[in-house]
Number of protein chains: 2
Amino acid sequence: MSYKIKSRIWIESENNVLLGEGRVHLLKAIEETGSLSKAAKSLNISYKKAWQLIDSVNKSAKKPVTINSIGGRGGGGAELTEYGKSLINAFDEINKSCWTFLDKQLGKIESL
Amino acid sequence: MSYKIKSRIWIESENNVLLGEGRVHLLKAIEETGSLSKAAKSLNISYKKAWQLIDSVNKSAKKPVTINSIGGRGGGGAELTEYGKSLINAFDEINKSCWTFLDKQLGKIESL
DNA sequence: AATCGTTATATTTGCAAAAACATAACGGTA
DNA sequence: TACCGTTATGTTTTTGCAAATATAACGATT
């Protein structure tokens, strides 16, 4: 019976999307699993989609966000760089503070 | 060469979208033209899509946002209620303040 | 050199959302 | 009552995106 203000934020670089909620989820799953294919499985998305997202992230970021390795013991894997870790931390922090900011604005609509 | 934080906000009511940027554009065009069909033309969207949006807005809002009339001199028309006008004003105000809020957060990412 | 699980990439298939098209209903006015 | 531009709604077609499928390349380990 009451209104809610919802929001989505994302970071762009040169008009390309760098980071949004979906990409942050995927990066966190990579951090936990150590591989892109396992991360994709854990999020129920196809490996291809996951790869495209990570490829886009690394192409639009100033510095690498993940390090992907092919072959070798275990077939390879993917891991976050320090830059990648601090990027998702900053994103989460800003996103959360945006929610609380918007919550405070709700009264301006409820009172109409 | 630098990042940007972008955002979209919208208002929901009972898990239905009430107002977003697209719907606000449409409502403003109705206010200017006095009819839904003219508003749709001015935004280059089909009349059907415009009608569906306005129908959804009025169904999820607590009070009517537009008054639509069929037939008569000129065939009919659509106009905003006072509630509708104040709703889009509040939305615009909150949206703008959200942008300036996020602008202030950008340093947390640029400095990484 | 054979194996293995992974990254990387191309091609095809399916589906749902959007667009396009069509038509009915309405109610002042002349 | 015939007309007109609008609201309202159903049906068909198109199209863009997601999913599914297939396959190559890689490199440490045995």
Side-chain angles (χ1 to χ4, degrees), chain A residues 8 10 12 15-17 20-61 63-81 83-84, chain B residues 8 10 12 15-61 63-81 83-84:
Chain A
R8 288 236 144 172
W10 66 95
E12 287 191 8
N15 290 332
N16 297 316
V17 174
E21 282 185 19
R23 292 168 190 229
V24 165
H25 278 148
L26 179 56
L27 289 171
K28 285 177 179 172
I30 288 174
E31 190 174 27
E32 287 163 9
T33 62
S35 98
L36 185 48
S37 65
K38 283 176 190 161
K41 274 202 188 87
S42 81
L43 296 186
N44 271 358
I45 64 176
S46 70
Y47 170 81
K48 178 169 190 173
K49 183 171 183 177
W51 181 85
Q52 287 171 331
L53 285 171
I54 294 302
D55 184 56
S56 166
V57 166
N58 282 315
K59 276 180 178 156
S60 44
K63 299 194 248 175
V65 173
T66 72
I67 302 288
N68 309 329
S69 55
I70 316 176
R73 163 188 65 85
E79 58 181 356
L80 299 195
T81 62
Y83 180 64
Chain B
R8 288 235 144 172
W10 65 97
E12 287 191 7
N15 290 332
N16 297 317
V17 174
L18 164 61
L19 264 195
E21 282 185 21
R23 291 167 190 230
V24 166
H25 278 149
L26 179 56
L27 290 172
K28 285 177 179 173
I30 289 173
E31 189 174 27
E32 287 164 9
T33 61
S35 100
L36 184 48
S37 66
K38 283 176 191 161
K41 275 201 188 88
S42 82
L43 295 185
N44 271 0
I45 64 177
S46 71
Y47 170 82
K48 179 167 191 172
K49 182 170 183 179
W51 181 85
Q52 287 171 330
L53 286 170
I54 294 301
D55 185 56
S56 167
V57 166
N58 282 314
K59 275 180 176 153
S60 45
K63 299 194 247 175
V65 173
T66 70
I67 302 288
N68 308 330
S69 55
I70 317 176
R73 165 187 66 86
E79 58 181 357
L80 299 194
T81 63
Y83 180 63

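Chain letters run A, B, ... following the sequence lines, proteins first and then strands; every chain starts at 1.
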Residue whose nearest DNA chain D nucleotide is more 5′ - A:Gly74 or A:Ser46: A:Ser46
A:Asn44 or B:Gly71, whichever maps to the more 5' nucleotide of DNA chain D: B:Gly71
Can you check the [X] [atom1] to [N] [atom2] distance for me, whole Å?
{"X": "A:Gln52", "N": "C:dT7", "atom1": "CD", "atom2": "P", "answer": "15 Å"}
{"X": "A:Leu43", "N": "D:dA18", "atom1": "CG", "atom2": "C1'", "answer": "16 Å"}
{"X": "B:Glu79", "N": "D:dT6", "atom1": "CD", "atom2": "C1'", "answer": "14 Å"}

Most 5' of A:Lys38 and B:Arg73 on DNA chain C, judged by nearest nucleotide: A:Lys38
Distance check: side-chain N/O of [X] vs OP1/OP2 of [N], anything under 4.0 Å?
{"X": "A:Trp51", "N": "C:dT7", "value": "no"}
{"X": "B:Asn68", "N": "D:dT6", "value": "no"}
{"X": "B:Lys49", "N": "C:dA18", "value": "no"}

Pairwise distance CG(A:Leu36) to OG1(A:Thr66) - rounded to 0.5 angstrom: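 A:Leu36 atom CG to A:Thr66 atom OG1 measures 8.0 Å (nearest 0.5 Å).
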Which of these nucleotides, [options], is closest to any side-chain atom of [X]?
{"X": "B:Ile70", "options": "D:dA28, C:dT6, D:dA8", "result": "D:dA8"}
{"X": "A:Tyr47", "options": "D:dA19, D:dA8, C:dT9", "result": "C:dT9"}
{"X": "B:Ser35", "options": "C:dA8, D:dT7, C:dG28", "result": "D:dT7"}
{"X": "B:Ser37", "options": "C:dT9, C:dT6, D:dT6", "result": "D:dT6"}

Side-chain donor/acceptor contact of B:Lys48 with base of D:dT7 under 3.5 Å: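 Per atom types, no contact qualifies.
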B:Leu26 and B:Val57: CA distance, side-chain angles, deciding distance, side chain to side chain contact (heavy atoms under 4.5 Å, CB included) verdict: CA-CA 11 Å; B:Leu26 179 56; B:Val57 166; over 6 Å; no
Residue from B:Val24, B:Leu19, B:Val17 passing side-chain contact (heavy atoms from CB on, under 4.5 Å) with B:Trp10: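 Between B:Trp10 and the candidates, side-chain contact (heavy atoms from CB on, under 4.5 Å) is satisfied uniquely by B:Val17.
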Considering all heavy atoms, the nearest A:Ala50-A:Ala40 contact: CB-CB, 3.8 Å
